[in-house]
**Q** 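Got a structure here, written out as structure tokens. Questions coming.
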Amino acid sequence: MNVFDFDNTVYDGESTLDLFFFYIVRKPWLIKMLPTVLKAFARYKKGEVSLSEAIERYAPLIEKDALRVFDFENDPPQFWDRHMKKIKPFYNEVRSDDDLIITASPDFNIEEICKRLKIKRFLASRINRDTGRIEFANLRENKIKAFIEAYGDCEIENFYTDSPENDAVMIEKAKHAFVVRKNKIEQIK
């Protein structure tokens, strides 16, 4: 099985950040959250925020307005119509039928891109579509928990990521690991 982190790996950029900007256009009042969102992303990418802090500090900011912002059915197709071009070309060169996307991005948005790429399996952060609450933040050590819960002791042949620091537990589980920086792929294990 090949397993791929999504943002900055298969997708050129942070899809959740792009999704935030997608929503700012529709809901201009969200711009007041921009400094907090940018700071949170920077801290996450640098490994400065723990899983528990991310959930404790940032989840309530998303959850309080989620149902006023998200249209879980109609927004993902519109978003991906505009952002499909950001899928990196290398993915089509290495893709296989048993690929798995594992990402911190929200499930309602990842589900749509997986359909378009004909990827049958993904593990993403879960958002309750009735309440807007984050039920599971699929990042750092939670990625391996979600993987084991879904696939048991299944071997990961190849794992691709942009962040060996944030995905160290997945790299440890994989037979081979690759770091993707823009369109350059480097084997690290």
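All of these numbers come straight from a predicted model, not from anything done at the bench.
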**Q** Could you go through Leu38 and Leu17, starting from their C-alpha distance and side-chain angles, then the distance that decides it, and tell me whether this counts as side-chain contact (heavy atoms from CB on, under 4.5 Å)?
**A** CA-CA 8 Å; Leu38 293 177; Leu17 193 56; 4.0 Å; yes
**Q** On a heavy-atom basis, which atom in Asn109 and which in Trp80 lie closest, and how many Å separate them?
**A** O-NE1, 2.9 Å
**Q** Show your working on side chain to side chain donor-acceptor pair (under 3.5 Å) between Asn2 and Glu157 and close with a plain yes or no.
**A** CA-CA 6 Å; Asn2 293 326; Glu157 182 69 26; over 6 Å; no
**Q** Test of understanding: clusters of I, L, V, M, F, W, Y form through side-chain heavy atoms closer than 4.5 Å, transitively. Do Phe136 and Leu19 belong to the same one?
**A** no
**Q** Are more than 12 heavy atoms, taken from residues, nucleotides or ligands other than Arg95, located less than 6.0 Å from that residue's CZ atom?
**A** yes
**Q** Is the number of heavy atoms from other residues, nucleotides or ligands under 6.0 Å of Glu172 CD greater than 12?
**A** no
**Q** Measure the shortest side-chain to side-chain distance between Ile156 and Phe147 over non-hydrogen atoms and say whether it is less than 4.5 angstrom.
**A** yes
**Q** When the ring planes of Tyr160 and Phe90 are compared, do they come out parallel, tilted or perpendicular, using 30° and 60° as the limits?
**A** tilted
**Q** Ring-plane angle category for Phe108 and Phe70, please: parallel below 30°, perpendicular beyond 60°, tilted otherwise.
**A** tilted
**Q** Parallel, tilted or perpendicular: which describes the rings of Phe79 and His83, with under 30° parallel and over 60° perpendicular?
**A** parallel
**Q** Which atoms form the tightest heavy-atom contact between Val179 and Pro164, and what is the distance?
**A** CG2-CG, 3.5 Å
**Q** Is the backbone of Ile119 close enough, under 3.5 Å, to the side chain of Asp99 for a donor and an acceptor to pair up by distance?
**A** no
**Q** Has the side chain of Arg181 got a donor or acceptor atom that lies under 3.5 Å from a matching backbone atom of Asp162?
**A** yes
**Q** Salt bridge between Lys145 and Glu149, side-chain N to carboxylate O under 4.0 Å?
**A** no
**Q** Test Lys86 against every option in Asp81, Asp7, Asp18, Asp12 by the salt bridge (Lys or Arg N to Asp or Glu O under 4.0 Å) rule and name the one that passes.
**A** Asp18
**Q** Looking at Lys173 and Cys154, what are the two nearest heavy atoms and their distance?
**A** NZ-O, 3.3 Å
**Q** Treating Lys118 as the side-chain partner and Lys115 as the backbone partner, does any N or O pair qualify as donor plus acceptor under 3.5 Å?
**A** no
**Q** Is Asp167 reaching over with its side chain to a backbone N or O of Met170, donor-acceptor style, under 3.5 angstrom?
**A** no
**Q** Would you call Lys143 and Asp5 a salt bridge, taking side-chain N to carboxylate O under 4.0 Å as the test?
**A** yes
**Q** Tell me whether Thr103 contacts the main-chain N or O of Ala124 through its side chain, where contact means a donor paired with an acceptor under 3.5 Å.
**A** no
